[in-house]
Amino acid sequence: MPVSDLREALSAVSATSDDLAGVETDWTGRVTGRALAVALPSTVDEVAAVLGVCRAQGVRVTVRGGGTGLVAGAVPDDTVVLSTRRLDQVGPVQDGSLVAGAGVTLRTVQDRARRAGWDYGVDFASRDTATVGGSVVTNAGGVHVVAHGTTRAQVLGVEAVLADGSVVRRLAGLAKDATGYDLGQLMVGSEGTLGVVTAVRLRLVPRLTGLETALVGVASVADAVALVAAVKQRAAGLRAAELLLPEGVALVREVAGLPALTPAAAYVLLEAQGGLEDALGQVDVVDAAVALDAASAERLWAYRERMTEAISTLGVPHKLDVSLPFGQLGPFLAALPGALGGHTAHVFGHVGDGNLHVNVLGPDPEDETVDDAVLRLAASMGGSIGAEHGVGRHKRPWLHLSRTPAELAAMRAVKTALDPDGLLNPGVLLP
Ligand code: 2HG
Ligand code: ZN
């Protein structure tokens, strides 16, 4: 079918967009693909109808949320882009949860929750653009995983359209429901390969008050890890434990115009409801800036929040999001330079979760030598090659480092059962 006819068939069942370029590249600019058309369904029936047109025409579909993903999981490959942007309904807060459409931004969920006296347990810097749907299918983490777990732990129910157009809908959010396979949780982390998530019931968390925030300089990475271990044990209501290194701090200061910090070998940004002082007394600390009100806390958070943006001013980074057993963080960072082939890397991340973001600068976008070396290093130390950004297109060749042959076979069997023709998100996740 000519592309013009395909677009006409799609526009008969859903709104479409002519802005193909806006959906063809990943956030980092590292990968660009080709979109045949962009469909913007605004109801679950329209999503099913878009899939119906694509199925009938033998054209595959790439599902796209806010486009803030970092593994090229929503970059088209001669596919129709199904944008979830218009699935933007939010229901009322009820019994500590709410239902949000896949296209609702994280910020909107947080605002709705806070207005009702609750909070949402997931937060990260791209909150204004990142969508609920994208965060669910990548099982996104962010800065509060130490307190509330990843997105998976917030999902109480899911509505999704399967490849054959049928709709699975379990949004009631019953606290107990032991009636077999949890199809909603199956969609979490599926990267859009098993169905199009259209709405989710999200668990909300109590709104914490009296938070203390501290940006602590320490003499070594080992001290940073020891500090986080002490805080985990002593600080009630630990909400964030983030690692920064001096090179990253210097870069973010330059880009964001932030004041100098006392020189240190590593910095840990901590947020807790209490007990920080006691924990800080247990380890050697070079310096600690403590914020007791929201405005000064925001100033401390800026060093961490603006890191991704600061790094992107240097070029197109190779983003390698890995997690490690807690005890291997120090050894991994010590061994990392040997895996970089002479290139430089900015490393930061969610040290409380054993999750580091290795941003390598220098290699050509298509040169995967350094990706291979860093991911193998993490896997060899018992870590994961994809901690919270997913696998997408980027990390597909290395999935076998984190998943056994038996697991990969089971994953493929599930994919084949639910999407036998490979309609959804081809080229994503599965090797
Ligand atoms: C963060 O923690 C995000 O800020 C992005 O996961 C990480 O830019 C990155 O590498
Ligand atoms: Zn992160």
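Every heavy atom of this structure was used, including side-chain atoms; hydrogens, water molecules and symmetry mates were not. Index from 1, following the sequence. Atoms within a ligand are numbered from 1 in the order they appear, just like the ligands themselves.
Only side-chain heavy atoms of Asn359 come within less than 4.0 Å of ligand 1; its backbone N, CA, C and O stay farther off. Counting heavy atoms closer than 4.0 Å to ligand 1, residue Phe348 contributes side-chain atoms (C-beta onward) but none from N, CA, C or O. The proximity of Leu70 to ligand 1, defined as any non-hydrogen pair under 4.0 Å, is limited to the side chain.
Between Arg127 and Glu305, at least one side-chain N (NZ, or NE/NH1/NH2) sits under 4.0 Å from a carboxylate O, which counts as a salt bridge. A salt bridge links Arg239 and Asp119; the closest N-O separation between the charged side-chain nitrogens and carboxylate oxygens is under 4.0 Å.
Within Glu388, the N/O/S atom positioned nearest the Zn ion (ligand 2) carries the name OE2.
For Thr105 and Thr108, the side-chain atoms include at least one donor-acceptor pair closer than 3.5 Å. Judged purely by distance below 3.5 Å, without hydrogens or angles, the side chains of Arg60 and Thr79 never pair a donor atom with an acceptor atom. Side-chain contact of His394 with His389: a donor-acceptor pair under 3.5 Å is absent, judged by distance alone.
Nearest protein heavy-atom neighbour of atom 6 (O) of ligand 1: His389 NE2, 2.7 Å. Here the protein heavy atom with the shortest distance to atom 5 (C) of ligand 1 is Thr308 OG1, 3.4 Å.
The closest approach between any non-hydrogen atom of Glu388 and ligand 1 is below 4.0 Å. Put simply, part of His350 is less than 4.0 Å from ligand 1, judged by heavy atoms.
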Steps toward side chain to side chain contact (heavy atoms under 4.5 Å, CB included) verdict (Asp371, Leu320) = CA-CA 7 Å; Asp371 306 50; Leu320 304 168; 3.7 Å; yes
inquiry  = Under the criterion side chain to side chain contact (heavy atoms under 4.5 Å, CB included), I'd like the reasoning laid out for Tyr120 against His148: C-alpha separation, chi angles, the key distance, then a yes or no.
reply    = CA-CA 9 Å; Tyr120 180 51; His148 306 301; over 6 Å; no
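The number of heavy atoms from other shown groups lying within 6.0 Å of CG (Asp293) is above 12.
Look at His357 and the Zn ion (ligand 2): an N/O/S atom of the residue is under 2.8 Å from the metal.
Of all the listed residues (Arg304, Met307, His357), Arg304 holds the heavy atom that lies closest to atom 4 (O) of ligand 1.
For ligand 1, the atoms closer than 4.0 angstrom to any heavy atom of Lys319 are 8 (O), 9 (C), 10 (O).
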